[in-house]
Amino acid sequence: MPASFQIVGTGQLLELQRKLRAAGHENVRSSMQRRIRRAAEPLRTDMQSTIHGLSIRSAGRGSGKRGGPSPTTRPLRAAIAAAVRISVRTAGNPGARVWLDKALLPPDIPMGVVNRLNEGRLRHPTFGNKRRWAQQNTTPLWWDKTVRAHTPRMQSEVARVLDDVRRRIE
């Protein structure tokens, strides 16, 4: 399953949040949230472009098999890319989170499809026929690889934001 990715420095963020509330620095707090979100935006953009460029291959049709147009109304990759979201929290479980919003996926694309795509293999009924199945392959762990590529940059950016905010309130 493409797990949501979180940048956390829970202790530092919670301590900083308490100091901000005590000092009444609402503009500093909103600036911190905005900068953390900005640090996560390149990951979201790269995730969306990775999904759009994802090669999904099938074994092809055997001789004598029929074909036809796709029964879905929306392209799979575009629908998944549109569901990638960012959320920033500074209280409770603080951090930046890049995740896939199930509510934004069309009803004909369940979350299981996305999970299987990250595993590199997608089996599905052929045009809804549950007696005939097709298998399609893709690059495995595309979600995880994209996240790993962005992790060091995001961690250093969040650390820089925390240092800046700490300097402003102390």
Side-chain angles (χ1 to χ4, degrees), residues 1-57 74-107 109-122 136-170:
M1 171 181 169
S4 64
F5 171 69
Q6 295 184 5
I7 294 180
V8 293
T10 307
Q12 292 176 346
L13 282 171
L14 284 174
E15 174 192 334
L16 206 54
Q17 185 66 24
R18 277 192 288 273
K19 287 181 180 180
L20 284 170
R21 279 199 188 118
H25 292 288
E26 186 61 36
N27 60 343
V28 175
R29 191 170 140 251
S30 64
S31 170
M32 180 178 76
Q33 287 178 325
R34 184 175 57 253
R35 289 178 64 191
I36 291 174
R37 175 178 295 278
R38 216 177 296 144
E41 283 175 357
L43 172 60
R44 183 190 64 191
T45 305
D46 194 21
M47 189 69 69
Q48 289 173 331
S49 66
T50 300
I51 294 166
H52 278 294
L54 196 62
S55 172
I56 301 175
R57 302 167 304 283
R74 189 169 175 191
L76 176 68
R77 286 170 275 216
I80 295 171
V84 176
R85 291 285 175 256
I86 299 174
S87 62
V88 176
R89 291 186 58 181
T90 55
N93 185 14
R97 186 174 153 209
V98 177
W99 53 289
L100 203 64
D101 190 353
K102 293 180 207 177
L104 294 177
L105 287 174
I109 302 176
M111 191 66 180
V113 169
V114 180
N115 299 338
R116 298 305 166 273
L117 281 176
N118 191 47
E119 293 170 5
R121 178 178 157 228
L122 174 65
Q136 293 181 295
N137 300 310
T138 187
T139 307
L141 303 175
W142 54 271
W143 180 279
D144 303 336
K145 289 175 184 174
T146 306
V147 167
R148 259 185 263 129
H150 284 268
T151 300
R153 180 197 54 78
M154 290 176 64
Q155 286 175 332
S156 64
E157 180 65 27
V158 169
R160 186 171 43 241
V161 168
L162 292 175
D163 289 342
D164 290 350
V165 171
R166 192 174 291 116
R167 265 186 259 121
R168 283 179 71 180
I169 64 171
E170 291 178 348

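The figures here come from the full heavy-atom set of this structure, side chains too, leaving out hydrogens, waters and symmetry mates.
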Between the CG atom in Leu100 and the CE atom in Met111, the distance rounded to the nearest 0.5 Å is 4.5 Å
Practice task
For Leu105 and Val114, run side chain to side chain contact (heavy atoms under 4.5 Å, CB included): C-alpha distance rounded to whole Å, both residues' side-chain angles, the deciding distance at 0.1 Å, then the answer.
Solution key: CA-CA 10 Å; Leu105 287 174; Val114 180; 4.2 Å; yes
N-O pairing of Arg116 and Glu119 below 4.0 Å: yes
- Stepwise side chain to side chain contact (heavy atoms under 4.5 Å, CB included) check, Val84 with Val98: CA-CA 7 Å; Val84 176; Val98 177; 4.0 Å; yes
Sorted by chain and residue number, the side-chain contact (heavy atoms from CB on, under 4.5 Å) partners of Ser87 (sequence neighbours excluded) come out as Arg97, Trp99
Taken in chain and number order and not counting sequence neighbours, the residues that satisfy side-chain contact (heavy atoms from CB on, under 4.5 Å) with Thr50 are Asp46, Trp142, Thr146
Rounded to the nearest 0.5 angstrom, the CG-CZ distance for Asn27 and Arg34 is 9.0 Å
Here the salt bridge (Lys or Arg N to Asp or Glu O under 4.0 Å) pairs for residues 145-154, sequence neighbours left out, are none
When rounded to the nearest 0.5 Å, the distance separating CG of Asn118 from OG1 of Thr138 is 9.5 Å
Those residues at least two apart in sequence (or on a different chain) that pass salt bridge (charged side-chain N to carboxylate O under 4.0 Å, His left out) with Arg160 are Glu157
Contacts of Gln136 meeting side-chain contact (heavy atoms from CB on, under 4.5 Å) (sequence neighbours excluded), chain-then-number -> Ile56, Ser58, Leu122, His124
So OG of Ser31 and CZ of Arg38: to nearest 0.5 Å the spacing works out to 7.5 Å
Arg35 meets the salt bridge (charged side-chain N to carboxylate O under 4.0 Å, His left out) criterion, sequence neighbours left out, with Asp164
Contacts of Arg121 meeting side chain to side chain donor-acceptor pair (under 3.5 Å) (sequence neighbours excluded), chain-then-number -> Gln135
Note: Arg37 and Ile86 closest approach over all heavy atoms is NH1-O, 3.3 Å
In short, Ala82 meets Leu104 closest at the heavy-atom pair O-CD1, 4.1 Å
dist Trp143:CH2 -> Leu54:CG (nearest 0.5 Å) comes out at 12.0 Å
Rounded to the nearest 0.5 angstrom, the CD1-NE2 distance for Ile80 and His52 is 10.0 Å
